[in-house]
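Remarks on the structure that follows.
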2 protein chains.
Amino acid sequence: MMNDRDMDAVFQALAHESRRRMLDIVKDEPGIGVGALAADFDVSRIAVMKHLSVLEEANLIVSEKHGRTRKLYFNAAPIQMIHDRWTSDYSAYWAGHMTRIKYLAEARHETAPDEKKQGKS
Amino acid sequence: MMNDRDMDAVFQALAHESRRRMLDIVKDEPGIGVGALAADFDVSRIAVMKHLSVLEEANLIVSEKHGRTRKLYFNAAPIQMIHDRWTSDYSAYWAGHMTRIKYLAEARHETAPDEKKQGKS
DNA sequence: CTTTTATGTAACCTACTAGTTACATGATGA
DNA sequence: TCATCATGTAACTAGTAGGTTACATAAAAG
């Protein structure tokens, strides 16, 4: 239902703090216009519109023209999908393997936790 | 525990299909070396190393030198954190509001679902 | 010691991102 | 109609991402 290209777009969109903040604002004020949204940011209205394009590309925001204003709405579907994929594919499995690895992340030890494969090249 | 800058790094890292694939491979073959990993990709070993830098920057991969090889390990902690944040902050709230909005995403209607605020600027 | 192998660093190129200013369009209100 | 206001488009710039080739280092094997 969600291919890799779509996932790229969603992660890409979420990778910038300002865009996450836009999502929060649109979520809190559904139907907000472009200009009103832009007023909350330091950058120009055009910059905000470009961010909006990225978010619409990722389908995280949908909009509809209403007179001379464009109303913005948040769409949680893509996040739900990634959330679901993480829950099923990633988190469940990975969480089980975390304890074996996490000490490495916290303070790089010298002893390898596992010597398995490593051939192949 | 995870600030916005860290989140940027994780989303940025996950935004590219090749890096997600690297994560999958390292997850399946813990302790794999850089060269062995690079052999699974079309691009050069140096390109793969740069991707690895991004993943280590995001703390999604940790590594340790072992002789002349560097062993790579997957670290699920950042994903767990985002997963938790989504579960608590985002998904729970957003999921409740999805039904009101989703028809807009599926087939742009002409009627606004909500006329609320929209003032502010 | 010399050669090979695994990894790392440097310098460079191209494409894309994120921002800008200036101008265009199109609906509203007087 | 005409001025105004909200939004959209065009063209440009600076910086970063993602890729390359060439060279450097350091451990293992002979």
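Residue numbers start from 1 in every chain, and the chains themselves are labelled A, B, ... in the order their sequence lines are given, proteins ahead of strands. These figures come from a predicted structure and were not determined experimentally.
Distance CZ (Phe41(A)) to C1' (dA18(C)): 14 Å, rounded to an integer number of Å. When the C1' atom of dA27(C) is taken as reference, atom CD of Glu64(A) falls 16 Å away, rounded to whole Å. Remark: C1' of dA6(C) and CG of Leu72(B) are 12 Å apart, rounded to the nearest angstrom. We find that CD1 of Ile32(A) is positioned 15 Å from C1' of dT7(D), with the value rounded to whole Å. The interatomic distance linking Asp8(B) (CG) with dT17(C) (P) rounds to 16 Å, in whole Å. Atom P of nucleotide dT21(D) and atom CE of Met49(B) are separated by 14 Å, given to the nearest angstrom. We find that CG of Leu52(B) is positioned 16 Å from C1' of dA17(D), with the value rounded to whole Å. Rounded to an integer number of Å, the gap from Leu55(A) CG to dA18(C) P is 10 Å.
Using a 4.5 Å cut-off on side-chain heavy atoms (C-beta onward), Ser63(B) and Lys71(B) make no contact. The shortest side-chain heavy-atom distance between Leu23(B) and Leu14(B) falls under the 4.5 Å cut-off. Annotation: side chain of Val62(B) is not in contact with side chain of Leu72(B) (no heavy-atom distance under 4.5 Å). The side-chain heavy atoms of Met22(B) and Leu55(B), taken from C-beta on, include a pair separated by under 4.5 Å. Counting heavy atoms from C-beta on, the side chains of Gln12(B) and Gln12(A) come closer than 4.5 Å.
When the side-chain nitrogen and oxygen atoms of His66(B) are compared with OP1 and OP2 of dA27(D), none of them lie within a distance under 4.0 Å. For Arg19(A) and dA18(C), the shortest distance from a side-chain N or O to OP1 or OP2 is below 4.0 Å. A close approach under 4.0 Å does not occur between any side-chain nitrogen or oxygen of Arg45(A) and OP1 or OP2 of dA6(D). Put simply, Arg70(A) has a side-chain N or O that comes within less than 4.0 Å of OP1 or OP2 on dG8(D). Between dT20(D) and Ser44(B), a contact under 4.0 Å exists linking OP1 or OP2 to a side-chain N or O. The phosphate of dT17(C) (OP1 or OP2) has no side-chain N or O of His51(A) nearer than 4.0 angstrom.
Comparing His16(B) and Ile46(A) by the nucleotide of DNA chain D that holds the closest heavy atom to each, the one mapping nearer the 5' end is Ile46(A). Each of Lys50(B) and Val43(A) was assigned the nucleotide of DNA chain C with the nearest heavy atom; the assignment lying further toward the 5' end belongs to Lys50(B). Annotation: of the two residues near DNA chain C, Arg68(A) and Asp42(A), the 5′-most nearest-nucleotide partner is Asp42(A).
Residues Phe74(B) and Leu60(B) share a closest heavy-atom pair of CD1-O, 3.5 Å.
Annotation: the terminal axes of the helix from dC1(C)-dG30(D) to dA30(C)-dT1(D) meet at 10°, where each axis is the rotation carrying the C1' atoms of four end pairs onto the next four (5 pairs per end, rounded to 10°).
Salt bridge status for Arg21(B) with Asp40(B): absent, with no side-chain N to carboxylate O gap under 4.0 Å.
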